[in-house]
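Scroll down for the structure; my scribbles are underneath it.
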Amino acid sequence: MERLIGFDPQLLSELFFTALNIFVLFFGLSYLLFNPARDVLERRRQKIAGELAEAASDKESAAAMKAEYEEKLKEISKEADNILEDARKKAKAREAEIIGEAKQEAARIMDRANREIELEKKKALDDMKQEVVSIASMMAGKVVAASIDTTIQDTLIDETLKEMGESTWQS
């Protein structure tokens with residue numbers, strides 16, 4: 001047989017069978033090795049894509065929770081302000097109540113002091129009247145003892161009243 005481009009038929013057949021074996025091995029190995037490796041890579045790509053999507057959703061939910069917490073903080077701040085305002089109002093009302101009670105107590109003390117002053121005045125007047133009565137009885141005793149006539153007696157009474165003072169006797 002004649003050689004084609006210097007290749008002998010045995011070499012060509014071996015090359016053909018070697019190429020066929022390599023081709024069969026390539027497809028066999030690609031089915032047994034490459035496809036599982038591709039599947040592993042595809043699963044990894046999907047897992048990473050899923051984790052990225054989950055991270056994005058977690059980020060969105062975190063942003064939503066942050067907004068919710070900020071809103072709650074604002075509400076709590078408003079509620080705290082309302083509580084403080086109520087406490088201030090109650091304190092002012094209590095202050096006014098205490099001041100009113102103090103004024104009432106002061107008025108009671110003043111009334112009691114005025115009554116005590118009036119009682120002391122009455123007592124002093126009663127004491128003075130008692131003294132006037134005792135002086136009058138002493139005068140009467142002297143008059144009787146001296147047996148003076150009525151003109152002398154009137155003169156003694158007038159002198160005694162002048163000594164005591166007419167304003168004292170009339171009040």
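Note that the structure is predicted; figures quoted are calculated from it, not measured. The analysis underlying the following values was restricted to heavy atoms, covering all of them including side chains, and did not include hydrogens, waters or symmetry mates.
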According to salt bridge (Lys or Arg N to Asp or Glu O under 4.0 Å), who are the partners of E97, at least two apart in sequence or on a separate chain?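 By the salt bridge (Lys or Arg N to Asp or Glu O under 4.0 Å) rule, E97 matches R94.
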
Output, in order, the C-alpha distance, side-chain angles, deciding distance and verdict of side-chain contact (heavy atoms from CB on, under 4.5 Å) for M128 and E131. CA-CA 5 Å; M128 193 175 3; E131 193 144 336; 5.5 Å; no

State plainly whether the residues E85 and R88 are in salt-bridge range, i.e. N to O under 4.0 Å.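 Salt bridge: yes.
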
Can you tell me how far the [atom1] atom of [X] sits from the [atom2] atom of [Y], to the nearest 0.5 Å?
| X | Y | atom1 | atom2 | answer |
| --- | --- | --- | --- | --- |
| I109 | N114 | CD1 | CG | 12.0 Å |
| K78 | D81 | NZ | CG | 10.0 Å |
| K122 | L125 | NZ | CG | 9.5 Å |
| I48 | R43 | CD1 | CZ | 13.0 Å |
| K123 | L119 | NZ | CG | 10.0 Å |
| F26 | L33 | CZ | CG | 11.0 Å |

What pairs meet the salt bridge (charged side-chain N to carboxylate O under 4.0 Å, His left out) rule with one or both residues in residues 25-42, with sequence neighbours excluded?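 Applying salt bridge (charged side-chain N to carboxylate O under 4.0 Å, His left out) to every pair that reaches into residues 25-42, excluding sequence neighbours, yields E42-R45.
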
For residues 54-77, pull every pair meeting salt bridge (charged side-chain N to carboxylate O under 4.0 Å, His left out), keeping only residues two or more places apart or in separate chains.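 For residues 54-77, and leaving out neighbouring residues, the salt bridge (charged side-chain N to carboxylate O under 4.0 Å, His left out) pairs sorted by first residue read E68-K72.
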
Test item: R115 and R112 side chains (from C-beta on) under 4.5 Å apart, heavy atoms: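 A side-chain contact exists here, since the closest heavy-atom pair is under 4.5 Å.
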
Step through it carefully: locate the ring centre of Y31, locate the ring centre of F27, and say whether they are under 6.0 Å apart.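 No: the rings miss the under 6.0 Å criterion.
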
Other than I99, which residues form its hydrophobic cluster under the rule that side-chain heavy atoms must be closer than 4.5 Å?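 Its cluster mates, by chain and number: none.
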
Which pairs with one or both residues in residues 101-111 pass side chain to side chain donor-acceptor pair (under 3.5 Å), sequence neighbours excluded?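 Only E105-R108 qualify under side chain to side chain donor-acceptor pair (under 3.5 Å).
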
Pairs where residues 11-24 contributes a residue and the test side chain to side chain donor-acceptor pair (under 3.5 Å) is met, not counting sequence neighbours: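 Applying side chain to side chain donor-acceptor pair (under 3.5 Å) to every pair that reaches into residues 11-24, excluding sequence neighbours, yields Q10-E14.
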
